[in-house]
Amino acid sequence: MHLSAQLSASLAAQAPPHLASPVRLAAESSGHSSAVFLIEFGAIILGLGLLGRFAARFRLSPIPLYLLAGLAFGEGGLLPLGTSEEFVAIGAEIGVILLLLMLGLEYTASDLVSNLKTQYPAGLVDAALNALPGAAMALLLGWGPVAAVVLAGVTWISSSGVIAKVLGDLGRLGNRETPVILSILVLEDLSMAVYLPIVTALLAGVGLAAGSATLAIALGTAGLVLLIAVRYGRHISRFVSNDDPEKLLLVVLGLTLVVAGLAQQLQVSAAVGAFLVGIALSGEVAEGAHSLLAPLRDLFAAVFFVFFGLHTDPASIPPVLLPALVLAVVTALTKIATGYWAARRAGISVKGRWRAGGTLIARGEFSIVIAGLAVTSGIEPSLGPLATAYVLILVIAGPLTARFTEPVALWATGRLRKPAAGQPAVAAATTADGGAPSDSASLTGAAHEVLPAEERDTAERS
C-alpha cells in the first residue's frame with residue numbers, strides 16, 4: 001500500500017466514532033488517488049520508453065513523438081490526465097534544469113572564452129538571420145513586442161541534442177566543418193545566459209529599471225561564474241569530487257538545484273543557474289557527473305516535452321499551421337546561410353559549407369523551453385501551438401536536411417554551371433571560389449568521381 005494510503009487508513013482506525021465515517025471516506029479517496037497516480041505516471045514512462053525505442057529503430061529524434069504524446073493526453077486530447085499532472089509539472093521543471101546542466105558539463109570555461117574571441121562574428125550573423133524572422137512573424141500576427149522577443153528565441157536556437165546525435169549517426173564527428181557547427185551551438189547556448197533573464201523579466205511585466213537590474217544581475221553572475229571557473233575550476237571540482245558515484249550524484253544534483261533555485265529568486269532563470277554550474281565543473285568530475293546524470297536527464301527531459309504537449313490543445317494547432325510552416329521554411333534557409341557563411345569564413349570546402357548549413361536546421365529542446373516560459377505566463381494563447389508545430393516540422397526535417405542538403409545543393413549548382421552547347425566542358429569548370437581549376441583541383445575532382453561514397457567522405461575530412 002502507498003505510504004499516504006497507510007497513514008490515512010491508520011487515522012481512520014484511530015478516529016472517534018462520530019468522525020470515523022468522514023475519515024474513512026478520505027482514506028479510501030486517498031488510496032484511490034494514489035493508485036490512479038501510479039497507474040497514470042507509470043503508463044506515461046512506459047509509453048515514453050516505447051516511443052524512444054521506436055524512434056531509435058528508425059534513427060529519428062524522439063522529441064516529436066514525446067510532443068505528440070503530450071498532445072494526446074493533454075487538454076482536448078484523446079485521454080486527458082488527472083492526478084499525475086502536478087507531478088509531471090515538477091518533473092518538467094527538473095528536466096529543464098538537467099538539460100542545461102548537462103549542456104554546461106560539455107564545455108569548459110576556457111572553451112567558452114576561446115569561442116567568444118574567435119567565433120563571435122558567426123554568432124552575430126546567426127542571431128540576426130534566425131531571430132529576426134521569428135520576431136517579424138509575431139509582429140505580423142499582432143502578438144506584440146514581448147511575444148516577438150519570445151518567438152525570436154524559438155526560431156534562433158538550434159537543438160544541440162538533436163544535432164549532436166545526427167553528427168554521430170552520419171559519422172561526421174571528425175569532419176572539418178564539425179568544429180564550426182559546435183562553435184555556433186556553443187555561442188547560442190552561452191547567449192541563453194543573457195537572453196533568458198531578459199525574457200523572464202519581460203514576461204513578469206517588470207518595468208525598465210527592474211528589467212535593467214535583472215539583466216545586470218544576470219550578466220554579473222555569468223561573468224563572475226566564468227571568472228571563478230577559469231581561475232578556481234580545479235578547486236571547485238576537487239571539492240565536489242568523490243570516488244563514490246552515489247555521493248557524487250547527490251552533491252552535484254543538490255548543488256545544481258540549490259543554485260537553480262537561487263537564480264530563480266534573483267529573476268535570472270533556474271536554467272541559466274544550472275548551465276553555469278555545469279561550466280564550473282571540469283575534468284574527471286564533469287565526466288563522472290555526466291555519465292551519472294545522463295539517464296536522469298533523459299527521463300526528466302522526456303517528461304518536460306510531454307508536459308509542454310499537455311498544455312497545448314491539439315485543436316489550436318491547425319489555425320497556426322500555415323504560419324509555422326512558412327516560418328520553418330524561412331528559418332531553415334537562414335540556418336543554411338548561417339552555416340555556409342561560418343564554414344566559408346573558417347576556410348572549409350564548398351561541400352563542408354553545405355553540410356554545416358544543413359546540419360544546423362533542427363530546433364528542439366531549447367525552443368520548447370523558451371516557448372514554455374511564455375505559455376506559463378499566458379501572454380499569447382497561440383504562441384504555444386505555433387511553437388509546437390514549428391518544432392515538430394524542423395525536428396523531423398533536421399536529420400533529413402543534414403543528410404541531403406549537400407548533394408541537393410551540389411546538384412542544383414552543377415545544373416546552373418552547366419556549359420553552354422558547343423563549349424568544351426573544361427572551359428566552364430571553375431574552382432569552388434570561382435577561379436580557374438588547378439591541375440591538383442582537377443585531379444582531386446576526378447578522384448572524387450572514382451572513389452566510393454565512404455572514401456570520398458574520408459577524403460573530404462582531411
Side-chain angles (χ1 to χ4, degrees), residues 48 51-52 55 60-72 74 77 92 95-96 99-100 103 126 130-131 133-135 137-138 141 143 147-166 185 188-189 192 195-196 199 271 301-314 316-336 358-376 380-402:
L48 292 177
L51 289 174
L60 298 172
S61 167
I63 292 175
L65 299 181
Y66 296 159
L67 287 172
L68 290 174
L71 291 172
V96 175
L99 277 171
L100 271 294
L103 189 66
D126 178 37
N130 297 286
M137 178 63 75
L141 294 171
W143 290 353
V149 174
V150 173
L151 195 57
V154 171
T155 58
W156 171 19
I157 305 298
S158 297
S159 172
S160 302
V162 174
I163 291 172
K165 187 176 186 306
V166 167
L185 295 177
E188 288 181 350
D189 298 335
M192 289 294 96
Y195 173 80
L196 286 177
V199 170
V303 171
F304 166 72
F305 293 121
V306 170
F307 175 74
F308 186 83
L310 288 175
H311 287 264
T312 303
D313 188 349
S316 64
I317 291 181
V320 297
L321 193 56
L322 182 59
L325 185 59
V326 171
L327 200 55
V329 171
V330 171
T331 53
L333 295 175
T334 55
K335 274 293 181 183
I336 291 175
T359 303
L360 286 169
I361 285 176
R363 308 308 201 272
E365 59 273 21
F366 297 112
S367 296
I368 297 297
V369 168
I370 295 166
L373 295 174
V375 170
T376 303
E380 174 53 53
S382 297
L383 199 153
L386 188 144
T388 301
Y390 175 80
V391 170
L392 282 172
I393 293 169
L394 289 185
V395 81
I396 293 171
L400 300 176
T401 57

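Throughout, numbering of the chain's residues begins at 1 and tracks the sequence.
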Exercise. With sequence neighbours excluded, what pairs up with Pro62 under the side chain to side chain contact (heavy atoms under 4.5 Å, CB included) test?
Worked result: Ala55, Tyr66
Problem set entry | For Ser159, side-chain hydrogen bond (donor to acceptor under 3.5 Å, both in side chains) partners two or more places apart | Glu365
Exercise. In Å, rounded to the nearest 0.5 Å, how long is the span from CG of Asp126 to CD1 of Ile157?
Worked result: 7.0 Å
Exercise. Are any of the side-chain heavy atoms of Leu196 and Leu373 separated by less than 4.5 Å?
Worked result: yes
For this session: Please name the pair of heavy atoms, one in Leu185 and one in Leu360, separated by the smallest distance, quoted to 0.1 Å.
Result: CD2-CD2, 4.1 Å
For this session: Tell me, please, which residues at least two apart from Leu67 pass side chain to side chain contact (heavy atoms under 4.5 Å, CB included).
Result: Ile63, Phe305, Phe308, Ile368, Val391, Leu392
Problem set entry | Flag side-chain contact, heavy atom, 4.5 Å: Ile317 against Leu71 | yes
For this session: For Glu188, check side-chain hydrogen bond (donor to acceptor under 3.5 Å, both in side chains) against everything at least two apart and list the hits.
Result: Lys335
Problem set entry | Minimum heavy-atom distance between Val154 and Ala387, given as atom pair plus value | CG1-CB, 4.4 Å
Exercise. Does anything in residues 389-402 pair up under side-chain hydrogen bond (donor to acceptor under 3.5 Å, both in side chains), and if so which pairs, sequence neighbours excluded?
Worked result: Thr331-Tyr390, Arg363-Tyr390
Exercise. Just how far is it from atom CG of Leu68 to atom CG of Leu51, taken to the nearest 0.5 Å?
Worked result: 8.5 Å
Problem set entry | Shortest non-hydrogen contact from Trp143 toward Leu151 | CZ3-CD2, 4.2 Å
Seminar exercise, completed: Of all heavy-atom pairs linking Ile163 and Ser158, the shortest is CD1-CB, 3.7 Å
Seminar exercise, completed: Those residues at least two apart in sequence (or on a different chain) that pass side chain to side chain contact (heavy atoms under 4.5 Å, CB included) with Val149 are Tyr195, Val199, Leu202
Seminar exercise, completed: Between the CD1 atom in Ile361 and the CG atom in Leu394, the distance rounded to the nearest 0.5 Å is 7.5 Å
Seminar exercise, completed: In terms of heavy-atom contacts, Ala324 and Ala389 come closest through CB-CB, 3.8 Å
Seminar exercise, completed: Correct closest heavy-atom pair for Ala92 and Val303 would be N-CG1, 3.9 Å
